[in-house]
Amino acid sequence: MEFDFLRDLDGRCRARCDMGHEAFGQWLTDEVDAAEASVLLAAIDALDAQPQDEFRKEYAEFTLALGDGEAELVGHGLAFDSGELEEGMSYYDDAHYAGCGLDDLARLLTQWREFITGR
């Protein structure tokens, strides 16, 4: 997964992730501070020690599920009725859903925490 961190004109930290992982960028920007990143990194370490366990957490806009070496982030706004779309049309879901390996998520969280704390 490719990602980039930046500060906007107001000094707010923002994360941007590559296509297919955009939801992770929005989630980091809006819902993950340094303390939360540390909690999640500890959860990933615990899952590495006990692979059969799972971790799930709901945030304001997303739900994060960790388990079986994978991370899944699902936006709460993802629920929609596809019957409302014209034939051949589909919703763009990448801003509301993303998945990756736990190692990729750990790398993302570690670098995000370092960026927002100025290390």
Side-chain angles (χ1 to χ4, degrees):
M1 168 183 2
E2 299 290 322
F3 51 85
D4 186 30
F5 305 134
L6 55 104
R7 292 188 190 276
D8 63 17
L9 295 174
D10 297 331
R12 183 171 183 223
C13 295
R14 297 193 173 274
R16 290 189 298 202
C17 295
D18 63 343
M19 187 173 235
H21 298 102
E22 295 100 331
F24 281 115
Q26 189 65 45
W27 169 68
L28 286 174
T29 298
D30 293 342
E31 307 200 54
V32 180
D33 59 14
E36 183 63 14
S38 294
V39 167
L40 294 171
L41 287 165
I44 291 170
D45 286 342
L47 289 170
D48 285 342
Q50 295 290 331
Q52 70 276 11
D53 288 346
E54 292 184 1
F55 176 89
R56 183 178 185 87
K57 185 161 184 183
E58 282 199 33
Y59 295 87
E61 298 294 325
F62 292 94
T63 297
L64 177 68
L66 308 176
D68 293 328
E70 299 291 322
E72 181 180 64
L73 186 67
V74 179
H76 298 166
L78 191 59
F80 50 78
D81 180 10
S82 59
E84 297 174 7
L85 293 175
E86 293 181 30
E87 186 176 330
M89 300 295 288
S90 65
Y91 283 102
Y92 178 74
D93 295 342
D94 289 347
H96 300 284
Y97 174 84
C100 68
L102 290 180
D103 55 341
D104 283 336
L105 181 60
R107 183 173 59 93
L108 177 67
L109 288 167
T110 299
Q111 291 185 24
W112 175 248
R113 182 177 61 186
E114 290 172 358
F115 178 75
I116 61 178
T117 59
R119 292 186 205 167

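Given the structure is predicted, the values throughout are model-derived calculations rather than measurements. The figures that follow rest on heavy atoms only: side chains count, while hydrogens, waters and symmetry mates do not.
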Quick one: [atom1] on [X] to [atom2] on [Y], what's the gap to the nearest 0.5 Å?
{"X": "R12", "Y": "T29", "atom1": "CZ", "atom2": "OG1", "value": "6.5 Å"}
{"X": "L28", "Y": "F5", "atom1": "CG", "atom2": "CZ", "value": "6.0 Å"}
{"X": "R7", "Y": "I116", "atom1": "CZ", "atom2": "CD1", "value": "9.0 Å"}
{"X": "E72", "Y": "T63", "atom1": "CD", "atom2": "OG1", "value": "9.5 Å"}
{"X": "Y97", "Y": "E22", "atom1": "OH", "atom2": "CD", "value": "13.0 Å"}

Name each donor-acceptor pair under 3.5 Å that joins a side chain in residues 34-48 to protein atoms two or more places apart or in another chain, with its distance.
from : atom 1 : to   : atom 2 : distance (Å)
E36  : OE1    : K57  : NZ     : 3.0
E36  : OE2    : K57  : NZ     : 2.9
E36  : OE2    : Y59  : OH     : 2.5
S38  : OG     : A34  : O      : 3.2
S38  : OG     : R113 : NH1    : 2.9

If you draw a 6.0 Å radius around CG in D68, do more than 12 non-hydrogen atoms from other residues or ligands fall strictly inside?
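Incorrect, the count does not exceed 12.
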Which pair of heavy atoms, one from [X] and one from [Y], lies closest together, and at what distance?
{"X": "A65", "Y": "R56", "value": "CB-NH1, 3.9 Å"}
{"X": "G67", "Y": "E54", "value": "CA-CG, 4.4 Å"}
{"X": "A98", "Y": "A23", "value": "CB-CB, 4.0 Å"}

Checking the side chain of H21 only, and the main-chain atoms of E2 only, is there a donor and an acceptor separated by less than 3.5 Å?
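The answer is no, because no donor-acceptor pair under 3.5 Å joins these two groups.
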So, the side chain of E31 versus the backbone of E61: is there a donor-acceptor pair under 3.5 Å, distance only?
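A pair under 3.5 Å: yes.
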Would you list the atom pairs, donor with acceptor, under 3.5 Å between side chains in residues 103-112 and any protein atom, with sequence neighbours excluded?
from : atom 1 : to   : atom 2 : distance (Å)
R107 : NH2    : M1   : O      : 3.0
T110 : OG1    : A106 : O      : 2.8
W112 : NE1    : V32  : O      : 2.8

